[in-house]
Number of protein chains: 2
Amino acid sequence: MAIKERKEREKQEMRNLVIESATQLFLKQGYDKTSIRSIADDIEYSPATIYLYFKDKDEIFYVIHENAFDILDKHLRQHDGIADPFERLRAIGRTYIKFGLENPDYYDLMFIMRAPMEQIKNEEKWKAGECAFGYLLTTLSECLEQKRIRPADLHVTAIMVWSFVHGLVSLYVRERMCILMLPDDTTREVLYSSFDLFMANLKM
Amino acid sequence: MAIKERKEREKQEMRNLVIESATQLFLKQGYDKTSIRSIADDIEYSPATIYLYFKDKDEIFYVIHENAFDILDKHLRQHDGIADPFERLRAIGRTYIKFGLENPDYYDLMFIMRAPMEQIKNEEKWKAGECAFGYLLTTLSECLEQKRIRPADLHVTAIMVWSFVHGLVSLYVRERMCILMLPDDTTREVLYSSFDLFMANLKM
DNA sequence: TGAATATAATAAACACTGTTTAGTAAATGC
DNA sequence: GCATTTACTAAACAGTGTTTATTATATTCA
């Protein structure tokens, strides 16, 4: 009986349709302005239909949140070829910052907004987060082994590195870097200089 | 004619009444659940009355945002007496983190939420932010003068320090530290250890 | 094939939100 | 004492996420 399979496929296609529309609207107008009604309008279905495929708005944005991690992951893995773990760490860090500055809405959803994390509480774990953090852990582990960075606890070091780059990006994304009273491109230069300084301090 | 003065005083008292109620509700239930109607209910006035004293919801939370900076400022100034600028910086940093962990809603409003920054765009500058950042700048300036930290550009160093502590607190406040899969008190210990490591790397 | 059942979609409603408007009652000015 | 200004609010407006009752379509089975 292939009907059940077709139904399942159609269900998945409808979910994709919603996600594609939601992602497009989200990146164009932000989270708040991406209402269930605006998605419904866009895909030419009634708002109630969306609730046949998603539990609530959070579930939609949880999927977008997961997709965003896939995109970031692809960016970060570009540097897998760099043999020196410290230089690899530097490349990963710069790419992380670049991703945040160039995709502020995605970054917001991944690391700042509360909405997607509500979903994770009900599910098992923050799989996407663990994947990205695991990548940082292995890179830092190599750095420590080869004595390229100052010796310290692996997790403490990882939290230090992640917190720093997250701080840079999130202060920028949430418009607190205005205290510098500099034009946008100069502000960005300060951010990257700050990252360089951080890496210099980390180096052994 | 003292009537005008009395009226002005009454106007200010009404504003204070709204702010006090809003602050209390905000710290108890968070931003989203603190609606204009819930404030109006609490102070036993109609919702429309609030709009006679405040332009919109953002203006109310901008005042709370400013008050929160006064509170943080008082905490930070406690360490004015520490002669050694590096040790003063360490004390300021720990107090900043402690403030964030113990007052997550205030911290959110001050450094994460978009709402209060909308107000700042229409006004002149982010006065409260500049005051706090200025305090960091003068402390770091002393550290550099006395060669207690590695030589670098003052503003680049300040952004590095602020971004790091902000990253620590904001990842915690927005529940991303769950990747550590540790109980809450252990997570906090990791944060403080991370801060110690950062300071050790900064030291000359 | 035709009646019974299951699925898919929706219109309308519910309970909220921030904000505005029109109208009322009280305080003030002359 | 009367006209005017001020203080306040009920009701409405335009949204929001979400649920319910109903209809139309598709599938199953006799």
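Both backbone and side-chain heavy atoms feed into the values below; hydrogens, waters and symmetry mates do not. First the proteins, then the strands, lettered A, B, ... as listed; each starts at 1.
- As a whole-Å value, the separation of Glu10(A) CD from dA26(D) P is 10 Å.
- If you take OH of Tyr51(B) and P of dC13(D), they are 17 Å apart, rounded to a whole angstrom.
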Which atom pairs, one a donor and one an acceptor, fall under 3.5 Å between side chains of residues 25-32 of chain A and the rest of the protein, sequence neighbours left out?
none

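- Looking at heavy-atom distances under 4.0 Å, Tyr53(A) makes contact with sugar-phosphate atoms alone, never a base.
- Thr138(B) and Ser141(B) are not linked by any side-chain donor-acceptor pair at a separation below 3.5 angstrom, with hydrogens and angles left out of the test.
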Can you give me every donor-acceptor pair (side chain of residues 155-165 of chain A, partner residue at least two apart or in another chain, under 3.5 Å) with its distance?
unit_1, atom_1, unit_2, atom_2, d
Thr157(A), OG1, Asp153(A), O, 2.7
Trp162(A), NE1, Tyr96(A), OH, 3.1
Ser163(A), OG, Ile159(A), O, 2.8

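- Taking a 4.0 Å limit (strictly below) on heavy-atom distances, residues 29-48 of chain A reaches DNA chain C at Arg37(A), Tyr45(A), Ser46(A), Ala48(A).
- In this entry the distance linking NZ of Lys11(A) with P of dA8(C) reads 6 Å, nearest Å.
- In this structure, Leu17(A) atom CG and dA9(C) atom P are separated by 11 Å, rounded to whole Å.
- With rounding to whole Å, Arg15(B) atom CZ is found 17 Å from dA7(D) atom C1'.
- In this entry the distance linking CD1 of Ile50(A) with P of dA9(C) reads 12 Å, nearest Å.
- Geometrically, Arg77(B) engages Tyr135(B) in a cation-pi contact defined by less than 6.0 Å to the ring centre and at most 45° from the axis.
- The backbone N or O of Thr34(A) sits nowhere less than 3.5 Å from a side-chain atom of Ser38(A) that would complete a donor-acceptor pair.
- Look at CG on Leu52(A): it is 14 Å from C1' on dT25(D), rounded to the nearest Å.
- For Phe69(B) and His65(B), the gap between ring centers is short of 6.0 Å.
- Rounded to whole Å, the distance from CD on Glu13(B) to P on dA7(D) is 13 Å.
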